[in-house]
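Working notes for the structure below.
Lettering of chains follows the sequences in order, A, B, ..., and the numbering in each one begins at 1.
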Amino acid sequence: MTWALALLVGALYSAGLFLALRRSATKIVIGLALVSHGANLLIFTAAGLVRGLVPIAPLGSDSPPPGAPDPLPPALILTAIVISFAVTVFSIVLVKRLAQQAGTDDPRLIGSHDA
Amino acid sequence: MLIASIAAISLFALAAPLAHGAWRRGAGPLLALGVGSVFARLAWVAPDVTAGAVTLERFAWAPQLGLEVALRLDGLALLMSLLITGVGAVVLLFASASLRDHPALGRFYATLLAFMASMLGLVLADNALLAFVFWELTSITSYLLIGLDHHRAEARKAATQALLTTGAGGLALLAGLVTLCEAAGTYQLSELVTRAEVLDHPALTPAIALILAGCFTKSAQFPFWAWLPGAMEAPTAVSAYLHSSTMVKAGVYLIARLSPLLSGVALWDSSLVVVGAATALGAAFVGSRQTYFKRVLAYSTVSSLGTMVMLLGLGAGGATAAAVFLLAHALYKGALFLVAGVVDHATHVKDSERLGALWRSLPITATAAALAGLSMAGVPGLLGFAGKELWVKESLHALQGGWTPWLIGAVAGAGALNAAMAAQVALRPFWLAAPSSAGAHAPAKDPAHAHGPAWPLWIGPALMALAGLIGGVSPGLFAAPVALAAADAIAGLSPGAPGAADVPLDVGHLVKPGPALYLSLGAVAAGLAVFALRRAYRAATRPASALDPLGPQSAYAAAYSGVLGTAQAITRVTQNGSLHFYLRVTLGFVSVVGWGTLWRAWAGASEPIPRTPVGPIEAALVAGTAVSVAAMVLLRTRLAVIAALGAAGYCVASLFAVYGAPDLAMTQFAVETLSVVLLVLVLYHLPRFPVFRLTAARVVDAAIALSVGALMSGLVLLAAGVQLAEPVSAYFSQNASALANGRNVVNVIIVDFRALDTLGEITVLAIAALGVLALLDVRAERPGPRASAPGQPADAHPNPAHAPADGALAGRAPTIGGPA
Amino acid sequence: MNALDSVILRTTTRLLLPVLAFFSIVVLLRGHNEPGGGFIGGLIAASGVALYAIAHGPDRARRLIGPDPRWWLGLGLTLGITSAIPGLLSGAGFFAGLWVSAQLPALGTLKLGTPIWFDAGVYVVVAASMLAMIFRLQEH
Amino acid sequence: MTAALLSLPLLIPLTAAAACAAMWARPRAQAGVCLGAALATLAASVALTAQVLRLGPIAAQAGAWPAPFGITLVADTLSCVMLLINSGVLAAAALHGLGSVDRPRASGGHHALTLTLAAGVSGAFLTGDIFNMYVWYEVMLLSSFVLVTLGSTRRQLEGGLAYLTLNLIASGLFLAGVGVLYGLTGTVNMADLALKLPAADRPQLVTAVGAVILTAFAIKAAAAPLYFWLPASYDTCPPVVAALMAGVLSKVGVYSIIRASSLFLGQEAAVFQWLLALSGLTMVLGVFGAAVAVEIRRVLAFHSVSQIGYMLMGFAVAMLAARTRPESQPVAELALAGAILFMVHHAAVKTNLFLISGVVLRARGTTRLAQLGGLCHTHPLTAGLFFVTAMSLAGVPLLSGFIAKLALVRAGVQAGQDAIVAVSLFVSLLTLYSMSKVWDQAFWKAPAAPPTKRMHFSGDPATADRDTALMLVPIGLLAGLALLIGLWPSPALDLCRRAAQEVLRPALYVGTVLGQDPTTEPAQAPTPPEEPL
């Protein structure tokens, strides 16, 4: 399964970055959202996979069952998810405002002052 | 005393604008008096210094960097500092009259005095880095002085050229000094010149090359001299002071300062002689074809600087000649520049050929010009003769040392052409008849100046010319002791030891029949002949202007446009405004660096990749994610792509759920739902994506994206297999319940163990909310329905797409101070 | 988007709102022991108000929550930051958890501590930022 | 006490930001809060620095959870210097903002976002935890995204898109790198990583992870060839925002490179060889852009890139010297001290130049060189302050830039890195050129055209003079700082050298965070739960 998830991480990054290279600011933002999915899955997979147990201590017990998955990666990913959500929402509104002003969301048509 | 001198002049610089504001006319003479008092103080100790006393003053500055305020007054420093303060006082006086009505006179005083303080610091500095500090300050103050009349484009251009040329040299000098001093292990100049062991150091050659590059640019040697004639855009007072008497001698000074160590090194000596001689002859040739006062003087200055540089390459005898020449040149050339200023002031004519018989209206000035001109031409009885005579003598001497006879040709030619130039500026306008052409000006026509110039104007040239005369007639009075003490310092002779000081300078000793005398008198005669036949000479030499494209000005222009053209070309490619290009380069870099390093890491890893059984649910989820991702790449409507994004997110969330992270899964489900809703809300109205086509660009993009993706897969596999240490998270599982009162370890981590992360996270969320509001509310463009508030200017741009970026803010705000 | 002209929706949301609000608080409080917590709780609360806004229009929803969402943002952040202070004052260090427990009849022991205070801050910030964005996008 | 002091540079701006958000409708009050918080942050940073200079590096564990389990805040001299930069620039921007931030921008959240930006930067400088650093990175990045686009002009949005996209890619890489690090070592505490990674003795593995993380940092630092976002965005936003970003933001990337690679990522000397090569490329490409740019803020933006190169150069020279020859420790210290001093200098000077461009923009409505001119007659004070600051940037003596440059050149020559020294001096010449170009075109030249009627005054034109005067206060102070460092460099040099010494001895940092160093607050268990209500 590690192999499969590793390839999936690669697929998420590849597709996300490929979208970021397209002629649409919308696709860029969506692609970056996909990249952050990839990063989350990467953290998750890199730390090791455990199936069927949760890192929650059962009632009456002081600690989760032995062999429960590492609780830290989910906590880190939780933070990362919220952050990437916040960034995605902001960026998509940015793209919308840009598209409203420029009449297109093609970065090749709008981003030219920098040349 | 030394630091006090520099501090006093710096103080004058700071006080100058105030003084000018308070006293107007009186400020200049007052400041000149102040500088004069510093001169007097230095002159007071001169007898001690020429007798061999060396004054040292040291103060800590930045010991961490080897930067120390170490000041040292020896013979060479004395010569230079007397010139700096003496000529400085006279020039201030001159400027107070010649620039009387200049709007920036206060600022001019301040800058000139700041320059003077820097120059004084440079010649007194005994620390290489301190010397460099002052060296750079002279470049900057000179920039400001050349650009004093900055409304004129030529002045600004000349200022920039001077700044860039001397600035480039300065940086070379810094590198050279640091290299040399690091090799020698000391930054103290007086210590450095005794470290002969550095002569075997491999860094010596680059250090010499770099130091000479600095000195040659500053002292306007071939091929860097182009900035100096340009610098004549400055007011005459500035030219007289900076560009003939002092700053341009900084390079010569530094060469002299390092001579005790480096004299005798083949590269050093031969560079000085070859470049110096080339400059002396080349500049003399160019100058002898000019007629404008300041141009002639500028090129003759360059030529003289070449002479001094050349002499410094000729050993101890050359040092004596150089010191005498330096003193003589400062006096006559300073005088002639001021004379040119007086003439310009009186007649507003800059071309020496269009003037004549000025001795009638400007008798004192004409006399001063005559004396200075004779000195410059090298006529016996004046200090200039001593300088020239020693020069010729040393050149002949060098011939025996194996130098090519061409050298003598260069010396003779330069001497002759300098004599011609002396006649051109000192003889032609004053003592010859006015030209008959209609453009001729007689100053008497100008009633304002009919009574001759004010005393501050003529006193300077008169004093300097007189000094040249006294120096020639009675060298023992001041010229010989000062110059010879300097020569001792240049030759590295310990003060008081028998050496150069034995060289007699009085006319009786110098006028001895021999090749030297014949040669130098011949040169004067040839010069006069050139002057007499100047029209024919100029006509005959006109073909030489074909060489201009190879000249220093062209070299500067080529370097300037070459560097900027390269910069332009590169910047146009790199910062081309295409986000797509930026992304490609960035991702390409990631891919190259990532694979380059991952490859080696893989090769060194032997751990197996962990295998966990794949159940049907996981398989379905992986497949679902993969399909959604593929759909995102292939689909063309926005809604479909957003839906696919949501599907991918749900699949990933389900994977989290399967592998024991329920909180994570819950959050991801919630966030994914919200994202999709918001994306749809925001993007609902936008058009479809462009049509999918397989193009070469797309293939490249795909390759880059796949490469980075594969890199990430590789990293995951590496990290999943290799475990270098036990995870710290066992601590969380053990203590969450007992110490943190929570059974859900993930949540306890979020709100307690790693609460700081979460604090940052909610801050991000809050910022995003503020950001969305700001994007939608604060609008500088596109006056929509909200914009039609009363009081809004009617000239709102009809087409928002073409509104200027800094347009009026729509809505409730008046305007926004936006970027342009 | 204006309020949907639907009596049913209005009535439903009016009824749903207190339920969701209560539920969100429960999720917030139980997060320490079971899946849940401030983030999810805040999202649930926000979705309740968002539904209300869809049914009754953003103006009435704004009146419902009282001050502007930005005020609530400030409050939530302040809650989060100030939960660091008791630990600082007690000398244990900032963000150090301090706990008190109360015996509640019928419910057993209720443990309250600064981490829950902190989680409440998370709850408020999440809800407020969601509402700030949703209201504005709705009005736009 | 220590814990309080360590958390204040983070908590003060964050609390003030919360207050500003709550006071969204009262811009003047927000400006006041912002300034007050900035000064308080500055005071806290100074106090913290004093403490660190007295006691050595100090650490505090958030939530009192012992390292490496909780999140550690740790301040060594380098962190303190960076905090001083951050709070100083924040204070300058807040002061300037009193005059330059108009009402719509203020109610759009300018002050709150300025404060969150500062908080994020403080967090990044203080945290001893690499994932936590990621979080603070995102705080400051999103703050800066909003600040860059605040006003929503088309150019701002365009610049914002480039800025956002490239920085989010950096975030994606950073996060991935952190995940891989955790997967390898099971820890995200940087001191713990500094113990565990070398112990594993797998330098090639570390370099592979390091390549990803350092590339992410290099994007944020705007090193070549990853700097495109910076010139694309700095000249589109209000000068006060550009000042904030140029002053501190890209230095966070440099700081992170220094911190991470000196502690645990730089196990192979080749890493620093590459860094050195990139630093040269960064300098040259940046200064080329500046030399040909025709707009003041664009010139300044490109220079920011170029000067990032100097900072990286100093660090790379230092690490190469320290790694290759143990006896060259003093050289390494000087090089790194030079790099750190360069950051201090650059923060003061570049911030100031952007602030001055704000005055120019206010006065003339444009910062395009062709349309400017005559400012040295109409605005002599501004002209003087610009000249001093610009010359400092160009490394002219008696000013801060010279001291920093001299330290780098000396160390470079001592370390035998002649090529990079040559490059840096060439770049220095072009810096001088482009500064003189701005001076020439904007200040010296006769005005190109009479100022347009449509001036870009924000707020009330009646208060324009007062506003400009307010804007000049921080400009004067920063120019004074450049002069002070130039004239009296010893204290700054000593501070930077001490910071360098500590960076070059990672054991000190590790001991402070993990060990029983007396200055570390002992890790305490939380108060027992069973206390009566």
Within-4.5 Å side-chain heavy-atom neighbours: A/Ile43 and D/Val178 | no
Who wins among A/Asp70, A/Ile28, A/Val9 for the most heavy-atom pairs under 4.5 Å with chain D?
-> A/Asp70
Tell me, do D/Leu164 and A/Phe90 make a side-chain contact under 4.5 Å, heavy atoms counted?
-> yes
So what's closer than 4.5 Å to chain A heavy atoms on D/Val139: side chain, backbone, both or neither?
-> neither
Short side-chain to backbone donor-acceptor contact, A/Gln101 and D/Ser152, under 3.5 Å = yes
Side-chain contact test, heavy atoms from C-beta onward, threshold under 4.5 Å: evaluate it for A/Leu17 versus D/Ile169 and give yes or no.
-> yes
How many angstroms lie between atom NZ of A/Lys96 and atom CG of D/Leu157, to the nearest 0.5 angstrom?
-> 13.5 Å
Rounded distance [0.5 Å steps], CD in D/Gln156 versus CZ in A/Arg97 = 10.5 Å
Under a 4.5 Å heavy-atom cut-off, does chain A meet the side chain of D/Thr149, its backbone, both or neither?
-> side chain
For each of A/Gly31, A/Pro73, A/Ala20, A/Ser36, tally heavy-atom pairs with chain D at distances under 4.5 Å, and name the one with the top tally.
-> A/Pro73
Name the region of A/Leu76, side chain, backbone, both or neither, that has any atom closer than 4.5 Å to a heavy atom of chain D.
-> both
Toward chain A, the part of D/Tyr134 with a non-hydrogen atom under 4.5 Å = side chain
For D/Leu175 and A/Asn40, what are the C-alpha separation, side-chain angles and deciding distance, and is it a side chain to side chain contact (heavy atoms under 4.5 Å, CB included)?
-> CA-CA 8 Å; D/Leu175 193 56; A/Asn40 294 339; 4.1 Å; yes
Non-hydrogen side-chain atoms of D/Phe145 and A/Leu94 separated by less than 4.5 Å = no
Would you give the length of the straight line joining atom CG of D/Leu168 to atom OG of A/Ser91, rounded to the nearest 0.5 angstrom?
-> 6.0 Å
Starting at CD1 of A/Ile83, measure out to OH of D/Tyr137 and round the result to the nearest 0.5 Å.
-> 13.5 Å
Does A/Tyr13 reach the main-chain N or O of D/Gly172 with its side chain, forming a donor-acceptor pair under 3.5 Å?
-> yes
Okay, D/Leu142 and chain A: the region with an atom under 4.5 Å from a heavy atom over there is side chain
